[in-house]
Protein chains: 2
Amino acid sequence: MSDRYHHGNLRQALIDAGIRIINESGEDKLSLRKAAALCRVSHAAPYAHFKDKEELIGAIKASVTEQFTEELKRAVDGEENAESALVEMGRSYVSFFVCNPDYFKFLFSSLNIVAHIRPDRQHKEDYPPFVRLKETYLKYLKEKGIKKSRDEQEADILRLWASAHGLAAIACMSGVETSFDWNDRGAIEALLL
Amino acid sequence: MSDRYHHGNLRQALIDAGIRIINESGEDKLSLRKAAALCRVSHAAPYAHFKDKEELIGAIKASVTEQFTEELKRAVDGEENAESALVEMGRSYVSFFVCNPDYFKFLFSSLNIVAHIRPDRQHKEDYPPFVRLKETYLKYLKEKGIKKSRDEQEADILRLWASAHGLAAIACMSGVETSFDWNDRGAIEALLL
DNA sequence: GCTCCGATCTTTACAATGTAAAGATTAGTA
DNA sequence: TACTAATCTTTACATTGTAAAGATCGGAGC
């Protein structure tokens, strides 16, 4: 691991280095060469693992998205019924990005959030956070004994998603001061849906 | 204007060139030097008008934001009552970015949407699209004779904004195919609020 | 008209970056 | 043990942002 010619696990090390750079210096300071330098490797070494910079960034996004998904799961696990789980999930969605505004900018600056997870897919059903939301929503319907058409369900989920995502976006915009405490659980819950 | 040493209106020309590059080749192809080349000017000429690349990009964002604000105004002007104006404004918010997905990515990738309009300010009250929304919302309250506390009003506006912005974000994510027609006025109106 | 000043633009230069190509090193396999 | 493919280094080049020094020009004042 120290001074060997072969790094051992360069691919993952580059991803970790990328995340570290984003957290410490911001996304605009992220470069192939800096990530390589952090791994004590020549600036061309990453090309053995990634086709180009875009592919490295994609892998980093996939990693951060996984973190995000885990956070959503954890939030839901603590709740007893599906209704409170749905609200808690929305709160958690906003909270994750309020705590990591740089991640919001990083993840959603490409407008292609699915491709990083499953390169061949481009449907929201392949986007883990969406899948989690849909699961919880369907549980909620069942729990309450509510019957809805497929289209109504689709619209409901879209509304929920848009609500959480929109609030997260507004909360993350450092230039948009709202007289709002984005860490106040009750306050955010009141905004959701 | 043709081959003179002084361009005449380079500042605006650079902004227009930037917008053109974004529309034709995407934001990632936007560079100081390409914008300068489009204006038939040396690559260092922009520094007479902008401190650095960031400032040029800020000016471009301000210009696009102005376009966006005009669109919102136009949408509201056609409506007779404030309630329909509010809905139409939300539809217009989404529609503008569905028609120009690159603009969404461009405008909201910085997370500092106010600074470009008024460099010294960082409050949402200085962000024209927000001001338009607030205006229309307050007219709506008056029209309906509804009394609400300052906090309730604040929350309502935030909900409206987040709803529209979130839908726009989801609609713009090319990797997220929804079985949804983002040009269907009625369908989008049903999703708002 | 002429002079001068500041704004505007060019030229030159340099460092950082992404990436291609050729070769060195090594792990794992036949 | 020899070979092969994966991994990494070195070298090279084009593109970029930006700084510095100087050229050009428009307009204010005389």
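By convention in this document, chain letters (A, B, ...) are assigned in the order of the sequence lines, proteins followed by strands, and residues within each chain are numbered from 1.
One atom, OH of Tyr47(A), and another, P of dC8(D), lie 15 Å apart when rounded to the nearest Å. Rounding to whole angstrom units, CD of residue Glu55(B) and P of dG17(D) are separated by 15 Å. Taking atom CG on Leu32(B) and atom P on dA19(D), their separation rounds to 11 Å, with Å as the unit. As a whole-Å value, the separation of Lys53(B) NZ from dA19(D) P is 14 Å. One interatomic measurement links the two molecules: NZ of Lys34(A) to P of dA16(C), which rounds to 9 Å at whole-angstrom precision. Spacing between atom CZ of Arg33(B) and atom C1' of dA15(C) amounts to 12 Å, rounded to whole angstrom units. Rounded to whole Å, the distance from CZ on Phe50(B) to C1' on dA19(D) is 19 Å. Across the protein-nucleic acid pair, Lys51(A) atom NZ and dG18(C) atom C1' stand 12 Å apart, rounded to whole Å.
Considering every non-hydrogen atom in both Ala13(B) and His7(B), the closest pair reads CB-CE1, 3.6 Å. What you find for Glu71(A) and Ser92(A) is that their closest heavy atoms are O-OG, 3.6 Å. Considering all non-hydrogen atoms of both residues, Glu152(B) and Tyr137(B) come closest at O-OH, 4.4 Å.
Residues His165(A) and Phe104(A) place their aromatic rings such that the two centres sit under 6.0 Å apart. Proximity of the aromatic rings of Phe108(A) and Phe108(B) is defined here by a centroid distance below 6.0 angstrom, and this criterion is not met.
Each of Asp52(A) and Asn9(B) has a nearest nucleotide on DNA chain C; the 5'-most of these lies closest to Asn9(B). The 5' end of DNA chain C is approached more closely, in terms of each residue's nearest nucleotide, by Val41(B) than by the other of Lys29(A) and Val41(B).
Backbone-only contact: Ser31(A) has heavy atoms under 4.0 Å from sugar-phosphate atoms and none from a base.
For His43(B) against dT12(C), a side-chain N or O and a base N or O form a donor-acceptor pair under 3.5 Å.
Listed in residue order, the members of residues 12-25 of chain B having a heavy atom less than 4.0 Å from DNA chain D come to none.
Comparing atom distances between the Ala44(B) side chain and each of dT11(C), dT7(D), dG17(D) picks out dT11(C) as nearest.
Under the side chain to side chain contact (heavy atoms under 4.5 Å, CB included) rule, Gln153(B) has a single partner from Leu158(B), Ile146(B), Leu138(B), which is Leu138(B). Among the candidates Lys134(A), Lys148(A), Arg150(A), the single residue satisfying the salt bridge (Lys or Arg N to Asp or Glu O under 4.0 Å) test with Asp156(A) is Lys148(A).
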